[in-house]
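For reference, the structure is listed below as structure tokens.
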Amino acid sequence: MLIQRIRLTNWRSFHGENDFFVSQDPAKNVTLIRAENGVGKTSLLAAINWCFFDILPAESEFENPKELVNKFAATHEHVTKTSVEIDFKHEQKLYRARRTFDERTGTTDPLRLLELAAGGEVPRSKDRPDRFINSVIPREMAPHFFFYGEATSRYTGATGAKKFGEAVKGILGSTVARMALEDLKKAWQEYNRQASDNTSAEAQAAEREIQQIEQKIARYQEEVGKIDGEIEAANNRIDRLNQELAGTKPAKDAQARRTKFEGQLAAKDAEKTKALQRSRSWIQTYITAVLAEELVLEVAEVVKAEETRRKLPSPYDKKLVNEILEDQMCICGRPVTIGSHEHEHIKTLLETAGDQAVMSRVISTGQAIGRFEQRAGTAWGEYERNNEDLRKVEGEIQRLDAELTEISKELAANPITDIAEKEAARERAKTQRTQAMDRKADVRASITNLDREKSDLVRRRDELIKKSDAAKRYVKRAQLSAALMSRLESRLANEEEHARSAIESEIDRIVQKFMRKSATVKLDKNYQLRLYDENGVEVAKSTGENQLLGLAFTGAIAKYAKEREHDDDDILLPGTVAPLVVDSPFGHLDPLYRRGVAEFLPNLASQVILLVSTSQASEAVMTTLADKIGEQYLLTRHNRSDAAGKLTEYIEIGGNTYDLTTYNSEIEGTRITEVA
């Protein structure tokens, strides 16, 4: 998909008809839209998501989501409808997508899709428009192409891991395959039920119990999903309040200290996890040697005695003694006469000399005992080192927790009511998150217990079914369904792993080039994004680094989808070429990271639409983007009131002056202005 034109008609803050064209030049693929805060950047991004997918941002980021019609047009011009139109090209054809909202009825009309041919509009009747759009850009991929830049920092936290996984599945187009997997699972369950129905009453009872347990597990898993939503909502509130506190001058220093301490705390938590892992591995490595230490010492003494009690070690064994007696000549050259004292003494060695196999086993046993003794000797030193590391890191965690508690008290006691209220709200969100995480742990434990109980029942049922001839054909069908499920799951897992690895490599490439820290990116099996230093120790991420990583991730997603555009796969949908539309991509970034984002984003997608404030469009950003900008626009706020002493807001671009805010206007709202 390549967007050509977007038209907003009385949409939110935008008054009247507002058109702008999106650059389609491969060399100048950036369309830059500049505006001050509160003028309409987020509304413009929301318009694109709403037109294509009927998706609006969360209320925390989008005030009054039900008020879609421009207020001035509704009040003074009796307008009751708003619409968004997007012209786009797909597979060499031009289309126009249009969605309309009627404020009188509070209803959104279904998406209308037209084909643009010979200068006219041709309605598409063959396909449902929403299905067609979903085939061009799957709905689950939309948040990773049209997104709020500052929110990308959420992708790098624990709750963001789920979004990572969803995004990877989305770009793989695995929805149909997963639906097939669900159907196979239902067939497998039905064949198992039929097999049980054709055998003993005991097997049928076991099958009923299995189904009941599966229903309980499903309910618990649904509850986990809801709890995850609560945790994510709490994290979002904490993130938002952190940003608000960081932007409030009296709280700025305290919030900066808190951000630093929280980063250090995250690193110490990671160190503690590793120390605990070492403690667990200590038990696996040393427990046998430690418990058997006394026995090993006793055995060592016995073996040592056996090895040295006047025995000739292998291979100088019975064969050597017999040769001396036969030759009647000692190895030292002295004669050994039959019947002599020497002859009789050497002859007694036959009673104690071992053969080669026995002696080799004795030597091997001695070596093994030596290893046991060595391991037992180092065990307690390693144990103490692990404990010392754990004590140190726990001490640091306690210190950081105390620092964070003091900062929270400091902000809660701030004489400025707004700061104190925000801090109180932040503490409530933290408490809610902790409670939700505790509930999640309890539910997870219940699922584990049920899984164990289910496994026992399945084994019992299968043993009973084997005894029934009538159940055999259903057993075979169940086995076939299980085999197909296993193959499909394995195939999807391999595809996801390939995608995960490719995306990780792209993010790491960006980090190596643009992040000031010397760090390596790891996107683990659970899609948790982490940074590690050259020693393999996890490092904490600042707010700006989180946003940089989030933007790198979304860019890597777009690039991977683009690379898969022509993939011909039997179970996966091909990738797609789609524009990246990013609102406020430079919000929490310092000048170095802003230049980095301005450099790498245009290289990851065919089209990039950047919605930025004038402060974000710094000289460094504009210099980096200069050769990539194909179209540029301003959002100007029009006010009917007079300036009333307010400062004039304007901007100079390319030698021309443009108003950012106008007063004594005939309308109230935002208009889009093209930059010459």
Side-chain angles (χ1 to χ4, degrees), residues 91 131-132 134-145 155 160-195 210 214 217-218 221-222 224-225 228 447-448 451 454-455 458 462 473-508 521-530 553-578:
E91 294 182 345
R131 287 183 178 175
F132 177 77
N134 201 53
S135 71
V136 178
I137 302 180
R139 182 185 177 92
E140 59 265 32
M141 294 170 66
H144 307 288
F145 287 105
Y155 288 141
K162 183 179 178 181
K163 287 185 170 61
F164 272 122
E166 291 170 352
V168 171
K169 292 179 179 69
I171 63 170
L172 287 173
S174 59
T175 304
V176 174
R178 293 191 176 281
M179 289 172 63
L181 199 56
E182 285 299 313
D183 289 342
L184 281 170
K185 184 177 180 180
K186 290 176 182 176
W188 173 74
Q189 290 172 332
E190 178 61 19
Y191 289 139
N192 278 323
R193 186 192 63 77
Q194 289 176 333
I210 290 169
E214 286 176 342
I217 291 173
Q221 288 173 336
E222 185 178 347
V224 168
D228 281 337
I447 291 174
T448 300
D451 278 332
K454 176 186 168 184
S455 296
V458 167
D462 290 347
R473 62 173 178 168
Y474 298 110
V475 170
K476 288 181 180 179
R477 292 173 185 176
Q479 289 172 340
L480 177 60
S481 300
L484 290 172
M485 277 196 300
S486 178
R487 289 180 62 183
L488 187 52
E489 285 173 341
S490 177
R491 176 74 181 280
L492 287 172
N494 289 337
E495 294 288 353
E496 285 182 21
E497 175 57 23
H498 182 269
R500 186 199 62 77
S501 179
I503 292 166
E504 178 188 77
S505 296
E506 182 62 32
I507 298 172
D508 191 58
V521 167
K522 292 295 181 185
L523 186 62
D524 67 22
K525 302 291 184 182
N526 297 317
Y527 300 99
Q528 181 78 50
L529 188 63
R530 303 181 187 277
F553 167 70
T554 50
I557 284 280
K559 182 180 180 182
Y560 190 74
K562 180 181 176 182
E563 290 171 348
R564 291 191 64 256
E565 180 187 11
H566 300 296
D567 280 8
D568 184 14
D569 197 285
D570 54 346
I571 66 168
L572 302 176
L573 297 175
T576 187
V577 173

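Residues: numbered from 1 along the sequence shown.
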As an exercise, state the distance from [atom1] of [X] to [atom2] of [Y], rounded to the nearest 0.5 Å.
X	Y	atom1	atom2	result
Ile557	Phe145	CD1	CZ	8.0 Å
Glu496	Arg491	CD	CZ	12.5 Å
Tyr474	Asn192	OH	CG	12.5 Å
Glu506	Lys559	CD	NZ	3.5 Å
Leu484	Glu489	CG	CD	11.0 Å
Ile210	Ser455	CD1	OG	9.5 Å

Tell me, do [X] and [Y] make a side-chain contact under 4.5 Å, heavy atoms counted?
X	Y	value
His498	Tyr560	yes
Glu190	Gln194	yes
Val224	Ile447	yes
Leu181	Lys185	no

Closest non-hydrogen contact found for Ala177 with Leu488 is O-CD2, 3.6 Å

Between Leu523 and Glu504 the two heavy atoms that sit nearest each other are N-OE2, 2.8 Å

For the backbone of Ala482 and the side chain of Ser486, can you confirm whether one donor and one acceptor N or O come within less than 3.5 Å of each other? no

Can you list the residues that meet the side chain to side chain donor-acceptor pair (under 3.5 Å) rule with Glu497, with sequence neighbours excluded? Arg500, Lys525

Mind checking what makes side chain to side chain donor-acceptor pair (under 3.5 Å) contact with Arg530, not counting sequence neighbours? Glu538

Take Ile507 and Ile503 through the side chain to side chain contact (heavy atoms under 4.5 Å, CB included) test and state the conclusion after the steps. CA-CA 6 Å; Ile507 298 172; Ile503 292 166; 3.8 Å; yes

